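All remarks here apply to the structure that follows.
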There are 2 protein chains.
Amino acid sequence: MENTIYDVARLAGVSTATVSRVMNKTEAVSPSTEAKVIEAMDKLNYTPSALAQGFASNKSRTIGLVMNFAQDSPFPESTVQTMSDFFIEMFRGVNSIIRKKDYYLMIINEEKDLQKVVKSFLDKRRLDGMIFTFTPFNISSLKEVIAKERPLVYVGNIKGYNRGLHVYSRYTEYFYDIVMFLKNKGHKRIALVTARDEDFFVEDWKSSGKPGLNDLDLSFLKYSNMEKIIEDVKSLFLRVDRPTAFFVQDLKAVQLSISIFSEMGLRVPEDVSIVSLEYTKGAGESFFPKITNVYVPVYDMGVQAVTILLNYLEGKTKGYNKLVEVEPVLIERDSVIDLNT
Amino acid sequence: MENTIYDVARLAGVSTATVSRVMNKTEAVSPSTEAKVIEAMDKLNYTPSALAQGFASNKSRTIGLVMNFAQDSPFPESTVQTMSDFFIEMFRGVNSIIRKKDYYLMIINEEKDLQKVVKSFLDKRRLDGMIFTFTPFNISSLKEVIAKERPLVYVGNIKGYNRGLHVYSRYTEYFYDIVMFLKNKGHKRIALVTARDEDFFVEDWKSSGKPGLNDLDLSFLKYSNMEKIIEDVKSLFLRVDRPTAFFVQDLKAVQLSISIFSEMGLRVPEDVSIVSLEYTKGAGESFFPKITNVYVPVYDMGVQAVTILLNYLEGKTKGYNKLVEVEPVLIERDSVIDLNT
DNA sequence: CTGAAAGCGCTTACAG
DNA sequence: CTGAAAGCGCTTACAG
């Protein structure tokens with residue numbers, strides 16, 4: 001049988017309260033007592049039971065990271081592959097903090113509704129807090145949970161709603177920035193392959209009064225399946241007034257695009273400039289040519305998200321409103337040509 | 001305050017033992033009693049505390065999946081990216097079973113030694129069992145832990161040691177199979193880019209008496225960094241007696257290779273045949289041309305690993321030896337040409 | 001700085 | 001089929 005805190009207390013000649021204090025450094029203990037306790041713990045090779053600690057303190061010291069790689073996600077079929085870098089970076093960011101603070105990380109891939117997830121993880125006390133990314137839950141249920149001030153952080157932004165703890169990466173804004181970057185390089189005809197509809201972006205840009213879009217010829221291609229996209233790209237670039245710049249949201253589709261362009265006799269960047277996104281810093285380097293990318297600091301988003309969450313759990317936050325905006329940055333490499341020069 | 005089992009018992013007019021039996025279906029309860037209990041639980045919106053359940057039963061119902069994406073891993077720098085599909089598929093496989101059986105999954109990315117990991121997760125009762133993949137731990141410490149019959153499953157195989165619970169994917173064997181596949185297609189000069197040394201494979205093949213290697217000209221290129229590998233590939237394929245077939249372990253390097261070959265005036269598969277690995281079924285389809293790949297069933301390895309583990313935890317296994325071998329399969333697509341025809 | 005003791009909310013032999 | 005009660009191994013006011 002494993003040793004318990006009683007065994008340690010007996011061997012050290014102190015009470016269990018004292019042993020607990022030594023372990024948790026929660027109250028001052030005299031140096032000599034502490035030494036005795038530590039010696040006893042060592043001698044017995046004592047390992048406190050996390051189960052008992054959790055029960056007694058009503059804390060699991062475990063955080064849940066909810067990410068959806070499910071078929072039922074609102075993202076296209078290939079999301080599992082497309083988003084794997086995102087997941088890894090988010091995990092690594094969250095994990096980096098978690099470990100330092102002696103917390104633990106549970107990954108959750110649930111398809112139930114938000115209320116049930118909250119009930120089975122938070123109410124059940126299995127988790128102290130949760131982080132949501134790419135969840136299939138609808139906004140109204142998210143708002144409900146936020147209204148209850150449950151210990152959760154979400155990645156994203158709910159338009160016209162400023163409650164809750166969240167991390168936001170200026171999603172639509174950096175797509176706009178990319179377009180403007182290309183425009184500044186003299187590109188007027190730009191094709192964009194994204195996971196969302198044209199309206200998703202354009203309406204957002206217009207409603208927030210973004211300038212400089214009128215003299216541009218933007219072609220939006222919705223990313224669905226591979227066959228479809230190849231076909232669409234081909235027919236678009238076969239035209240005489242074909243785009244001179246190409247933005248693909250999915251970095252994994254970039255090299256494929258280059259091969260297809262090459263097949264069509266188009267060279268990158270001489271004939272077509274390419275911009276994409278990277279979630280892992282430097283990912284664009286492993287291409288030929290090296291890709292000019294917007295780096296979305298997902299690792300950092302993970303760090304920010306847990307930090308907010310742990311601060312809230314530890315009562316270090318005043319109130320339940322906290323938004324951290326991270327800034328994606330455009331990294332110029334070799335895949336975009338300047339038409340002005 | 002949350003409702004407890006006492007509240008439910010009181011409202012239903014039964015003992016807490018009975019409530020517990022209804023919840024856990026651990027012993028028979030009369031239908032009428034059961035109905036009363038369920039009604040009371042519903043009325044109170046009762047959620048049992050996982051913390052208390054865990055403490056009382058001495059089980060966390062949580063499994064740990066140990067995977068290393070750390071800088072300190074024995075794998076090259078870019079492993080984080082390279083292995084992300086592996087990670088996701090392993091997670092999905094493990095998770096698929098975990099959820100059905102009401103277990104939970106903790107992801108662990110530790111760099112401490114195995115003994116400490118076992119102590120802080122298993123001894124501490126934070127986890128009921130663990131699965132190890134791509135760990136930096138040395139074999140002798142792994143053997144020590146296995147000798148103690150701790151509840152853990154590892155992915156891999158320890159040569160000349162047949163104890164423990166593990167899942168193996170015939171690592172060196174399927175590399176041999178790839179070579180033979182290419183040989184059958186008439187390829188004699190084959191380049192292989194892998195994460196290990198030539199010796200790692202060749203010695204294994206020779207020691208297990210694999211035939212048919214003598215008349216082959218195999219060039220092994222060790223995968224280190226991107227720049228280096230591009231250079232090596234270029235100089236190798238510039239030779240007149242250049243390889244006719246090219247195997248890259250990392251699927252993410254495939255399209256890049258195609259671009260480089262294309263730059264050199266070499267077409268795939270006409271001038272160079274390509275084979276790679278995929279961990280996500282169908283990953284080779286998203287290429288141009290579609291890549292002939294060995295599919296390593298990582299999802300299934302995850303499923304097998306948890307299954308073995310849970311069976312062991314639930315006492316359904318006789319003894320502590322269990323090896324499940326999964327079979328990678330070669331999926332022919334469009335990237336390999338048959339030189340015989 | 002330290003100890004006695006209650007309490008956390010379940011599970012599980014044991015008895016009936 | 002059901003209940004009374006011990007027990008799981010910690011933490012934490014409270015008192016000194």
Side-chain angles (χ1 to χ4, degrees), chain A residues 1-38 40-41 44-62 102 119-120 122-126 128 314-315, chain B residues 1-38 40-41 44-62 102 119-120 122-126 128 314-315:
Chain A
M1 205 46 219
E2 292 297 324
N3 288 310
T4 69
I5 197 171
Y6 293 102
D7 302 312
V8 175
R10 194 178 313 117
L11 183 61
V14 300
S15 72
T16 60
T18 299
V19 176
S20 175
R21 284 172 194 129
V22 171
M23 289 196 296
N24 303 309
K25 305 185 203 314
T26 150
E27 281 174 72
V29 173
S30 82
S32 65
T33 309
E34 182 173 7
K36 283 191 299 181
V37 171
I38 289 178
M41 292 197 297
L44 296 174
N45 192 25
Y46 171 65
T47 313
S49 158
L51 256 17
Q53 288 176 320
F55 175 59
S57 63
N58 197 30
K59 286 182 179 38
S60 64
R61 298 200 75 80
T62 305
D102 192 35
K119 177 159 181 160
S120 68
L122 256 23
D123 292 351
K124 214 163 167 30
R125 308 295 312 119
R126 196 180 295 285
D128 290 350
E314 292 165 4
Chain B
M1 204 48 219
E2 291 298 323
N3 289 309
T4 71
I5 198 172
Y6 292 102
D7 301 312
V8 176
R10 195 178 314 118
L11 183 61
V14 299
S15 72
T16 60
T18 299
V19 176
S20 175
R21 285 172 193 128
V22 170
M23 289 195 297
N24 303 308
K25 305 185 204 313
T26 152
E27 283 174 71
V29 174
S30 81
S32 66
T33 309
E34 182 174 8
K36 281 191 299 181
V37 171
I38 290 177
M41 292 197 296
L44 296 173
N45 193 25
Y46 172 65
T47 313
S49 158
L51 256 17
Q53 288 176 320
F55 174 59
S57 62
N58 198 28
K59 285 181 179 42
S60 65
R61 296 199 77 78
T62 305
D102 192 34
K119 176 159 183 163
S120 68
L122 256 24
D123 293 350
K124 213 161 167 31
R125 307 296 312 116
R126 197 181 293 287
D128 290 350
E314 291 165 4

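Please read all numbers here as calculations on a predicted model, not as lab measurements. We name chains A, B, ... by the order of the sequence lines, and we start the count at 1 in each one.
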Notebook entry, point to check: Does B:D123 use its side chain to pair, donor to acceptor, with the backbone of A:T47 at less than 3.5 Å?
Noted result: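 Pair absent, no side-chain N/O of B:D123 close to backbone of A:T47.
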Next item on the list: Check DNA chain C for consecutive Watson-Crick or G-U pairs with both distances under 3.5 Å and list the runs of at least three as stems.
Entry: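 Consecutive-pair runs (3 or more) involving DNA chain C: C:1-3 with D:14-16, C:5-12 with D:5-12, C:14-16 with D:1-3.
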Notebook entry, point to check: If the C1' atom of C:dT12 is compared with that of C:dG16, how far apart are they to the nearest Å?
Noted result: 16 Å
Does [X] have any side-chain contact (heavy atoms from CB on, under 4.5 Å) partners at least two apart in sequence or in another chain, and if so, which?
{"X": "B:A56", "result": "none"}
{"X": "A:D102", "result": "A:R61, A:Y104"}
{"X": "B:S57", "result": "B:K59"}
{"X": "A:L122", "result": "A:V118, A:L127, A:M130, A:R150, A:P151"}

Margin query: Give me each pair satisfying salt bridge (Lys or Arg N to Asp or Glu O under 4.0 Å) with a member in residues 4-15 of chain A, each pair once, sequence neighbours excluded.
Written below: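 Residue pairs with at least one partner in residues 4-15 of chain A: A:D7-A:R10.
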Checklist line | salt bridge (Lys or Arg N to Asp or Glu O under 4.0 Å) contacts touching residues 11-22 of chain B (sequence neighbours left out) | finding: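 Found B:R21-B:E27.
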Check: Can a side chain N or O of B:S30 be found less than 4.0 Å away from OP1 or OP2 on D:dC1?
Finding: no
Pick out the pairs of N or O atoms, protein on one side and nucleotides 10-14 of chain D on the other, that lie under 3.5 Å.
unit_1, atom_1, unit_2, atom_2, d
D:dC10, OP1, A:Y46, OH, 2.9
D:dC10, OP1, A:S49, N, 3.4
D:dC10, OP2, A:I5, N, 2.6
D:dC10, OP2, A:Y46, OH, 3.3
D:dC10, O5', A:Y46, OH, 3.1
D:dC10, N4, A:Y6, OH, 2.9
D:dT11, OP1, A:N24, ND2, 2.9
D:dT11, OP2, A:S20, OG, 2.5
D:dT11, OP2, A:N24, ND2, 3.3
D:dA13, N6, A:R21, NH2, 3.3

[atom1] of [X] versus [atom2] of [N]: gap in Å, rounded?
{"X": "B:D123", "N": "D:dG9", "atom1": "CG", "atom2": "P", "result": "14 Å"}
{"X": "B:D7", "N": "C:dC8", "atom1": "CG", "atom2": "P", "result": "11 Å"}
{"X": "A:N58", "N": "C:dG9", "atom1": "CG", "atom2": "P", "result": "7 Å"}

Checklist line | Contact list for residues 11-20 of chain B, test side-chain hydrogen bond (donor to acceptor under 3.5 Å, both in side chains), sequence neighbours left out | finding: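 Every pair satisfying side-chain hydrogen bond (donor to acceptor under 3.5 Å, both in side chains) with a residue in residues 11-20 of chain B: B:S15-B:T18, B:S20-B:N24.
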